[in-house]
Amino acid sequence: RVVFGLEGDAQWTTQRDSGCAATCIQNFNDETSVFRLRHEVDWFATARARLGYANAGYLFYVTGGAAWSGVRETATAQSDDSVASATVKKVVAGWAFGGGIEGRLSQNWTVKVEYLHLDFAPTTTTTRLATTAGLLPFDTVSTVNSRVTDNIVRVGLNYRLWNTPAAAPLPV
């Protein structure tokens with residue numbers, strides 16, 4: 001009744017977040033000083049082990065292993081009509097842990113509901129933001145420390161490629 005398996009998956013995502021740093025100011029005379037950061041997760045993938053308990057056509061399991069994510073950070077600085085922007089793409093590694101339940105639909109088909117927590121290593125991105133355009137040209141360095149975590153609940157439909165019968169116990 002104890003089941004061990006390996007699982008890998010990859011998916012695209014449209015997860016986005018943006019924020020404004022402590023220097024976001026708009027004065028009464030419409031002068032603007034802004035530093036904005038847009039953080040995007042374009043995709044993630046996992047390679048995990050699954051350990052479960054099978055009973056009456058159901059499998060209750062825990063899962064855990066390695067995870068990778070494609071992250072894009074865009075830093076933008078603006079001072080009145082002078083604007084500069086820089087984008088950095090990177091792949092960050094981390095880990096995944098979760099659990100779920102899987103039930104048999106037919107001979108090789110199963111359906112599952114699963115929860116995963118993803119946690120990726122902290123990153124530091126340093127970019128140069130410079131412009132000579134506008135009334136107030138500037139040249140500055142932006143350093144951003146970030147960490148990506150994610151919590152996912154998903155439903156899946158699986159097809160088992162190899163239908164190996166369970167081994168009979170050895171005679172005593």
task: May I ask whether Val153 and Trp12 are part of the same hydrophobic cluster, defined by side-chain heavy atoms of I, L, V, M, F, W, Y residues being less than 4.5 angstrom apart, directly or through others?
output: no

query: Is Val148 close to Phe44 at the side-chain level, that is, under 4.5 Å between some pair of heavy atoms?
result: no

- line: Excluding Tyr53, membership of its hydrophobic cluster (Ile, Leu, Val, Met, Phe, Trp, Tyr; side-chain heavy atoms within less than 4.5 Å) reads none

task: For Thr131 and Ala133, indicate whether the former's side chain and the latter's backbone hold a donor-acceptor pair under 3.5 Å.
output: yes

Sequence neighbours excluded and cut-off under 3.5 Å, please list the side-chain donor-acceptor pairs for residues 136-144, or say none.
from	atom 1	to	atom 2	distance (Å)
Asp139	OD1	Arg128	NE	2.9
Asp139	OD2	Arg128	NE	3.3
Asp139	OD2	Arg128	NH2	2.4

message: Quick check: do Ile101 and Tyr58 have side-chain heavy atoms less than 4.5 Å from each other?
response: yes

- request: Please name all residues satisfying side-chain hydrogen bond (donor to acceptor under 3.5 Å, both in side chains) with Thr124, sequence neighbours left out, ordered by chain then number.
  value: Asn145

- prompt: With side chains defined as the heavy atoms from C-beta onward, is the minimum distance between Ser146 and Thr125 less than 4.5 Å?
  reply: no

- prompt: If every non-hydrogen atom of Trp68 is compared with every non-hydrogen atom of Val91, which pair is closest and at what distance?
  reply: CB-CG1, 4.5 Å

query: Does the side-chain contact (heavy atoms from CB on, under 4.5 Å) test come out yes or no for Tyr159 and Leu105, once each step is laid out?
result: CA-CA 10 Å; Tyr159 182 79; Leu105 294 176; over 6 Å; no

statement: Residue pairs passing the salt bridge (Lys or Arg N to Asp or Glu O under 4.0 Å) test with at least one member in residues 58-71, sequence neighbours excluded, are none

- request: Please confirm whether the backbone N or O of Val41 pairs with a side-chain atom of Arg16, one donor and one acceptor, at under 3.5 Å?
  value: yes

message: Please enumerate all residues that pass salt bridge (charged side-chain N to carboxylate O under 4.0 Å, His left out) together with Arg147, with sequence neighbours excluded.
response: Asp119

- prompt: For Thr63, what residues pass the side-chain hydrogen bond (donor to acceptor under 3.5 Å, both in side chains) criterion, not counting sequence neighbours?
  reply: Arg48

query: Which residues satisfy the ring pair (Phe, Tyr, Trp, His ring centres under 6.0 Å) test with Phe4, sequence neighbours excluded?
result: none

message: Could you measure the distance from the CD atom of Glu7 to the CD atom of Glu114? Nearest 0.5 Å is fine.
response: 5.5 Å

field: By side-chain hydrogen bond (donor to acceptor under 3.5 Å, both in side chains) - contacts of Ser18 (at least two apart)
entry: none

field: Hydrophobic cluster membership, Val92 vs Leu118, 4.5 Å side-chain cutoff
entry: yes

query: What distance do Arg154 atom CZ and Ile152 atom CD1 have between them, rounded to the nearest 0.5 Å?
result: 5.5 Å

message: Ala121: which residues meet the side chain to side chain contact (heavy atoms under 4.5 Å, CB included) condition with it, sequence neighbours left out?
response: none

query: If you look at every heavy atom in Ala75 and Thr127, which pair is closest and at what distance?
result: CB-OG1, 4.2 Å

query: Looking at Arg160 and Glu102, does any basic side-chain N land under 4.0 Å from a carboxylate oxygen?
result: no

message: Applying side-chain hydrogen bond (donor to acceptor under 3.5 Å, both in side chains), can you list everything that pairs with Tyr115, at least two apart in sequence or on another chain?
response: Asn151

field: Any side-chain heavy-atom pair of Val71 and Thr123 under 4.5 Å
entry: no

message: Going by salt bridge (Lys or Arg N to Asp or Glu O under 4.0 Å), name the pairs with one or both residues in residues 68-78, residues two or more places apart or in two chains.
response: Glu40-Arg72, Asp42-Arg72, Glu73-Lys90

query: Between Gln11 and Asp9, is any pair of side-chain heavy atoms under 4.5 Å apart?
result: yes

- prompt: Which residues pass the salt bridge (charged side-chain N to carboxylate O under 4.0 Å, His left out) test with Lys89, sequence neighbours left out?
  reply: none

field: Non-hydrogen atoms of Phe120 and Gly94 that approach each other most closely
entry: CD2-N, 3.8 Å

- request: Keeping the roles fixed (side chain from Thr110, backbone from Leu157), state whether a donor-acceptor pair exists under 3.5 Å.
  value: no

